[in-house]
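Proteins get letters first, then strands, A, B, ... in listed order; numbering begins at 1 in each. These numbers come from the heavy atoms of this one structure, side chains and all, not from hydrogens, waters or symmetry mates.
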Amino acid sequence: MTNEFVLEAITREFPESVISSSEPYGMLTIEVKKDDIKKIIHYLKDSSLGFNFLTDICGIHYPEFPDKEIGVIYHLHNMMDNFRLRLKIFMSRENIEVDSLVELFAGANWMERETYDFYGIKFKGHPDLRPILNMEDLGYHPMLKEYRLEDGTRTDKDDNMFGR
Amino acid sequence: MKDNSLSNILNQYESKEQIDGQLYTLNLGPTHPATHGIFQNILTMDGERILHAEQTVGYIHRAFEKISERRNYSQITTLTDRMNYCSAPINNLGWHMTVEKLIGVKVPKRVDYMRVILMELARIGDHLICNGVTGMDSGAITGLTYMFIERERIYDMYEQICGARMTTNMGRIGGFERDFTPKFHELLKDFLKTFPPRFKEFCTLLERNRIFMDRTIGAGAISAERALSYGFTGPNLRAAGVDYDVRVAQPYSSYEDFDFIIPVGTAGDTYDRFMVRQQEIWESIKIIKQAYENLPEGPFHADVPDFYLPEKADVYQKMEALIYHFKIVMGETDVPKGEVYHAVEGGNGELGFYLVSDGGRSPYRLHFRRPCFIYYQAYPEMITGSVISDAIVTMCSMNIIAGELDA
């Protein structure tokens, strides 16, 4: 199994869905349309491509790109052929909703809850979408870039001299 | 898939009166001596039997991913220590390998072998405590006290490398801060000689112990299919019969040079998890022996002046060394743009680092793929229907480390 082979298979099956692809540090990375992510992963899991393992789901925030502000990154693994794949989707802040993968992988439940907790991404069809690591009444999603790590009201910590 | 929801379970009871008379809620945790960490299980019990379980995590969430976005790459090492503190060197060195992959550094063979030795020592320490505590939770405390002594000897070796024992901050980007000390060699040789007979004694204490077997066989079982669906890796997946090991599937740090096998179980129950860890300890000893006997001569770090602190004596006398020292300490070193996922076989399973760099001094995004976070999700499914004493042993045999669960 090679990067070209997998990319070709996905492009052939979902010609409208693939937006771009790259191979950072050798791992095939495909950006796909947000609305198609579930059916693509369903296909990857159940077809002969055999991506039977969901390694990871996490979010990312790019405040400088309003159309693609919030991203979700999926790492999949075909254990038989020992092949890893990364899928990405992006969305705007107004339309921050994507299909849940809990029906496909039981492990997606907590991964999606964690992503929701940190980035506020709503996973459609998730059975129990609540914050998991933070308090439920926290009221915001702390990994978004607009929240500073340190208390912004403090004046005794001036980091300007430290390149931050 | 079995419907484990509380409503479905309650439907099985004939009337409300029957439920009121029989069921009660038990809070196991957040701080309970038998949960080995701060997490809560809200159990719906019918006598001794668990009908429904719901777990709550996050009690020691420390926002490591957010903090990482403000720290430079070397400073993140200390965060990784504090995730799985039972095998901190694996976390450390895994992180350094991720950064090395990003910046494109190839480390000398000696560094690879030194890493293998330390990571396997960490694995032994991790497994010893997990298995010792599994014994303790089933009533056999003797084994744990013996194995704690052995883990202390491993910690003595860590102390020789970095001065610390638990949160080790052991490696550096590009290699190690210092070479193995003569005392380390002495301790390692002694360990390799005297540990196997002592460990064998521990094996005889529990492996064929009738009481221990009765308590663990069939307890907290999970099938290979469900384990894969949940994203299990490491000993917990191998106990269910899947021979996936990152060290073999995607070798790093020269693991391909060593001869070892992947122990697997069949039933995925507590006993199999215990046995897989027992056998992995023997395999780790085998790997350490091979790595130590063939330990290459040469430098103990790569030539990466942008990331590896120069010798202190040079800093005082050479301009370049002073500049590099300053740049590293003040976090002024830029890294390439890019994204990288690197996984190592942690004490508990696939420990992954997903790192996105925008070229700045800190990661733009760093996500830890923490195996404990994955396992604990399956816990209610594994204990529903069992008695509470089985649930305790099951949790222990899964080796849930609260620091890694919450990160």
**Report entry** Check: A:Phe105 and B:Leu228 side chains under 4.5 Å, non-hydrogen atoms
**Finding:** no
**Report entry** B:Arg369 to A:Thr55 - nearest heavy-atom pair and separation
**Finding:** NE-O, 2.8 Å
Query - Whether B:Lys66 side chain and A:Leu144 backbone form a donor-acceptor pair below 3.5 Å - result: yes
Query raised in the report: Can you tell me if OH on A:Tyr147 sees more than 12 non-hydrogen neighbours from other groups inside 6.0 Å?
Result: yes
Report task. Search all heavy atoms of A:Ala106 against all heavy atoms of B:Ser229 and return the closest pair with its distance. Result -> N-OG, 2.9 Å
Query raised in the report: Which heavy-atom pair separates B:Tyr341 from A:His75 by the least distance, and what is that distance?
Result: CB-NE2, 3.7 Å
Query - Structural part of A:Met135 lying under 4.5 Å from a heavy atom of chain B - result: neither
Query raised in the report: Contact part of A:Leu101 toward chain B, heavy-atom cut-off under 4.5 Å: side chain, backbone, both or neither?
Result: neither
Query - Side-chain heavy-atom pair B:Arg365, A:Cys58 within 4.5 angstrom cut-off - result: yes
Query raised in the report: Take atom CD in A:Glu97; do more than 12 heavy atoms of anything else shown fall under 6.0 Å from it?
Result: yes
Requested in this report: Fit a plane to each ring of B:Tyr244 and A:His77, take the angle between them on a 0 to 90° scale, and name the class: parallel (under 30°), tilted (30 to 60°) or perpendicular (over 60°).
Outcome: perpendicular
Query - Interatomic spacing from CZ in B:Phe373 to CG in A:Leu133 - rounded to 0.5 Å - result: 5.5 Å
Query raised in the report: Taking atom CZ of B:Phe232 and atom CZ of A:Phe53, what is their separation to the nearest 0.5 Å?
Result: 10.0 Å
Report task. Give a yes or no on whether A:Lys145 atom NZ has more than 12 heavy-atom contacts from other residues, nucleotides or ligands under 6.0 Å away. Result -> yes
Report task. Please determine, among B:Ile67, B:Leu102, B:Thr56, B:Val340, the option with the most heavy-atom pairs under 4.5 Å with chain A. Result -> B:Leu102
**Report entry** Neighbour count above 12 (heavy atom, 6.0 Å) for B:Gln75 CD
**Finding:** yes
Report summary line: If one checks every heavy atom of A:Pro131 against chain B at 4.5 Å, the contacting part turns out to be neither
Query - A:Glu114 and B:His367, any side-chain heavy atoms less than 4.5 Å apart - result: yes
Query - Option that, when pairs with chain B are counted at under 4.5 Å, heavy atom only, ranks first among A:Leu54, A:Leu104, A:Ile60 - result: A:Ile60
Report summary line: Okay, A:Arg113 and chain B: the region with an atom under 4.5 Å from a heavy atom over there is neither
Report summary line: By residue number, those in residues 23-35 of chain A with heavy atoms under 4.5 Å from heavy atoms of chain B are A:Pro24, A:Tyr25, A:Met27, A:Thr29
Query raised in the report: Any donor-acceptor pair under 3.5 Å linking the side chain of A:Asn82 with the backbone of B:Ala249?
Result: yes
Query raised in the report: Can you tell me how far the CE atom of A:Met79 sits from the CG atom of B:Asp243, to the nearest 0.5 Å?
Result: 10.0 Å
Report task. For each of B:Glu69, B:Lys101, B:Glu350, B:Glu339, tally heavy-atom pairs with chain A at distances under 4.5 Å, and name the one with the top tally. Result -> B:Glu339
Query raised in the report: Which value, rounded to the nearest 0.5 Å, describes the distance between A:Asp117 atom CG and B:His61 atom NE2?
Result: 7.0 Å
Query - Which portion of B:Ala63 sits near chain A, non-hydrogen atoms under 4.5 angstrom - result: neither
**Report entry** Close side-chain approach of B:Tyr354 and A:Arg86, heavy atoms under 4.5 Å
**Finding:** yes
Report task. Might you confirm whether atom CD of A:Glu16 has over 12 heavy atoms from other residues, nucleotides or ligands at distances under 6.0 Å? Result -> no
Query - Rounded distance (nearest 0.5 Å) linking atom OH of B:Tyr230 with atom CH2 of A:Trp110 - result: 9.5 Å
Report summary line: On a heavy-atom basis, the closest approach of B:Gln377 and A:Gly107 is NE2-O, 3.3 Å
Query - Residue part contacting chain B, namely of A:Ile73, when any heavy atom lies under 4.5 Å - result: side chain
Query raised in the report: Given that the side chain runs from C-beta out, which part of B:Arg370 has a heavy atom under 4.5 Å from chain A: side chain, backbone, both or neither?
Result: side chain
Query raised in the report: When the ring planes of B:Tyr364 and A:Tyr62 are compared, do they come out parallel, tilted or perpendicular, using 30° and 60° as the limits?
Result: parallel
